[in-house]
Amino acid sequence: MEYPLQALTKTSSHRQPNADNISTFPINMLPEEIQIRILSHLSTDETLRCQTVCKPWQMGIKAWASRTPMDYTALPQKPFYFMYNTEKAYISTYAYNSNKEKWVSFMIPNSNKKSSVLPLELPPFSKTDFFISASRGLVCFMDTKSQGNIFVCNPVLKSQIRLLPKAPGARACYCTISMSTDVSSKKYVVAMVKSFPLNNSFKYKETIQLYKSDSNSWVNLRTEKVGWLGGETCVICNDILYTVAQFPCVLGDTQPFDEILAYNLSQASQKNSLAITKVSVPCALTRVRLLNLNGTLTVVGSIPKDERMKIKTIGIWKLCENKLKEITQAPNDDVISHFLNKIDGAFNTSGCGNLVFIQSCISRTLLRYDFCRNVWKVMPKAPLPFEDHDSHYLNGFCFEPRLDIVP
């Protein structure tokens, strides 16, 4: 039996049902708290549609997200991939919905100007770029120009945004951030790794700062002179911070080589005493990116053809017993090869669940690898209002759509 959709009306738990109410819309016979609880068990797409039914549902769903019941278990959700242009402002922005397998109009929440002097406005991403990290429904943005202005938001709950205390330290030549969220406790941390070149050849000053949401403050974990270049990419997996250390060329080598360094964040209270272990990179890679997929370190890297560093293919590895195990390499078919030729060494990588997304910085095309199906696929081009041959620099990130967590 189908029921016509009507606006939510306030009801009392003592209200007795009658024939007229039941014949129109039975959910209205329930208390508002029960109605919202029922809606919360829908998929994220369906819940977002329910927010547009009426204002009480919209306000109720958003309020429910900030006080989620302890016994609530979120339904598994495939990630969204948000793509944007870093140079020009456009009215429309889009995200790839992995559930619907198509691009949908999507906007990132705007910064709250009443309580912030951030030199950014979303949407659109205009005249500035960001270091971005996502974890369990939350996304962290840091302005690349100042490297101090940081905010965290839930992209699905448009009005939920939190500005963090200004990040410490000077602006560095190389900087990266990583976010890790614990959904059960609603707490999260943000790690920031910076690398400063010193006058001495092949020497750098490395700093690691950690923000904790429960204390709303930053802690300096490490400040050391090192013999490698860091600050390119990092990720947190199970309280371990992984970073890529690029060692310079030495006599007899034709190119630099990389190693992955692991810092134990459980020792975060002991300043400058982080335990370090090393993970060897399995082969020469021209670009390395680190991801957290289901709590496991995942490495995505481009394998060069020759000494000219042109990309041959892209490989994916997972950490198993402190060694990287190869999972797959992009196949050498016409579609994938055409995509790789457009990358030209510059691409962005992000992932969530069992999906890895690889985006060219100069093309609207998106490459995806599905761990469950062991399938590489080139996705439809994002419907951004420009052509690939135009001069544009693109960026993007994927995030898990969740309604049960707020910054």
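This chain uses plain numbering: 1 for the first residue, then up along the sequence.
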(request) Check for a donor-acceptor pair, side chain of Ser350 on one end and backbone N or O of Cys398 on the other, with a separation under 3.5 Å. (result)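 Such a contact is found between Ser350 side chain and Cys398 backbone.
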When you measure from the side chain of Ser98 to the backbone N and O of Pro79, does any donor-acceptor pair fall under 3.5 Å?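 Yes, the answer is positive, given that a donor and an acceptor are paired below the 3.5 Å cut-off.
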If you count the non-hydrogen atoms of other residues, nucleotides and ligands that lie under 6.0 Å from [atom1] in [X], is the total more than 12?
X	atom1	answer
Lys225	NZ	no
Phe131	CZ	yes
Asn332	CG	no

Problem - Check ion pair Glu400-Arg136 (N to O, under 4.0 angstrom) - result: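 Salt bridge present between Glu400 and Arg136.
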Residues Glu224 and Lys205 bridged, charged N to O under 4.0 Å:
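Looking at Lys205 together with Glu224, the answer is no, because their closest N to O distance does not fall below 4.0 Å.
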Just wondering, do [Y] and [X] contact through their side chains at under 4.5 Å, heavy atoms?
X	Y	answer
Leu229	Tyr174	yes
Arg162	Leu138	no
Trp228	Glu206	yes
Val299	Leu290	yes
Ile177	Cys140	yes
Leu210	Lys212	yes

Going by side-chain contact (heavy atoms from CB on, under 4.5 Å), Val193 matches just one of Thr233, Leu241, Leu261, Leu221. Which one?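 Per the side-chain contact (heavy atoms from CB on, under 4.5 Å) rule, the option paired with Val193 is Leu241, out of Thr233, Leu241, Leu261, Leu221.
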*Apply the test side-chain hydrogen bond (donor to acceptor under 3.5 Å, both in side chains) to residues Asn354 and Asn294: give CA-CA distance (whole Å), side-chain angles for both, the deciding distance (0.1 Å), then the verdict.*
CA-CA 8 Å; Asn354 296 307; Asn294 299 321; 3.2 Å; yes
Show the numbers, then the answer: is there a side-chain hydrogen bond (donor to acceptor under 3.5 Å, both in side chains) between Ser302 and Thr286? CA-CA 6 Å; Ser302 53; Thr286 57; 2.4 Å; yes
Item checked: Partner of Phe397 under ring pair (Phe, Tyr, Trp, His ring centres under 6.0 Å), chosen from Phe141, Phe357, Phe130 ->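 The ring pair (Phe, Tyr, Trp, His ring centres under 6.0 Å) with Phe397 is passed solely by Phe141 among Phe141, Phe357, Phe130.
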**Study point:** Identified ring pair (Phe, Tyr, Trp, His ring centres under 6.0 Å) partner of Tyr96 from the options Phe82, Tyr81, Trp103
**Key:**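 Result: among Phe82, Tyr81, Trp103, Trp103 is the only option passing the ring pair (Phe, Tyr, Trp, His ring centres under 6.0 Å) with Tyr96.
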| request: Begin with the C-alpha distance, continue with both residues' side-chain angles, and end with the deciding distance and a verdict on side-chain contact (heavy atoms from CB on, under 4.5 Å) for Val356 and Leu291. | output: CA-CA 9 Å; Val356 173; Leu291 307 176; 4.0 Å; yes
Hey, mind stepping through Met179 and Ile236 against side-chain contact (heavy atoms from CB on, under 4.5 Å) and telling me if it holds?
-> CA-CA 7 Å; Met179 183 181 195; Ile236 301 174; over 6 Å; no
Check your understanding: What's the verdict on side-chain contact (heavy atoms from CB on, under 4.5 Å) for Thr176 and Met192, showing C-alpha distance, side-chain angles and the deciding distance?
Key -> CA-CA 6 Å; Thr176 184; Met192 179 173 59; over 6 Å; no
Between Asn216 and Tyr211: side-chain donor-acceptor atoms closer than 3.5 Å: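 Tyr211 and Asn216 do have a side-chain donor-acceptor pair below 3.5 Å.
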Next on the checklist: Distance alone, cut at 3.5 Å: any donor-acceptor contact between the side chains of Asn220 and Thr223?
Outcome noted: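 Asn220 vs Thr223: donor-acceptor pair found between side chains.
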Q) After noting the C-alpha distance and the side-chain angles of Thr296 and Cys237, does the key distance pass the side-chain contact (heavy atoms from CB on, under 4.5 Å) rule? A) CA-CA 6 Å; Thr296 302; Cys237 301; over 6 Å; no
Exercise for review: For side-chain hydrogen bond (donor to acceptor under 3.5 Å, both in side chains), just list the numbers for Asn395 and Tyr84, CA-CA rounded to whole Å, side-chain angles, deciding distance to a tenth of an Å, and then say yes or no.
Suggested key: CA-CA 6 Å; Asn395 203 347; Tyr84 65 96; 3.2 Å; yes
- So is Arg287 actually on top of Phe347's ring, under 6.0 Å and inside 45° of the axis?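 The answer is yes; both the distance and angle limits are met.
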>> For Phe371, does the six-membered ring have the charged nitrogen or CZ of Lys318 within the cation-pi criterion, i.e. under 6.0 angstrom from the centroid and within 45° of the normal?
In response: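 Yes, a cation-pi geometry holds between Lys318 and Phe371.
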Which residues pass the ring-ring contact (aromatic ring centres under 6.0 Å, His included) test with Phe80, sequence neighbours left out?
->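 Once residues adjacent in sequence are excluded, the partners of Phe80 under the ring-ring contact (aromatic ring centres under 6.0 Å, His included) criterion are Phe106, Phe399.
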Report task. For the pair Asp182 and Ser184, evaluate side-chain hydrogen bond (donor to acceptor under 3.5 Å, both in side chains) and give the outcome as yes or no after the intermediate values. Result -> CA-CA 6 Å; Asp182 183 353; Ser184 60; 2.7 Å; yes
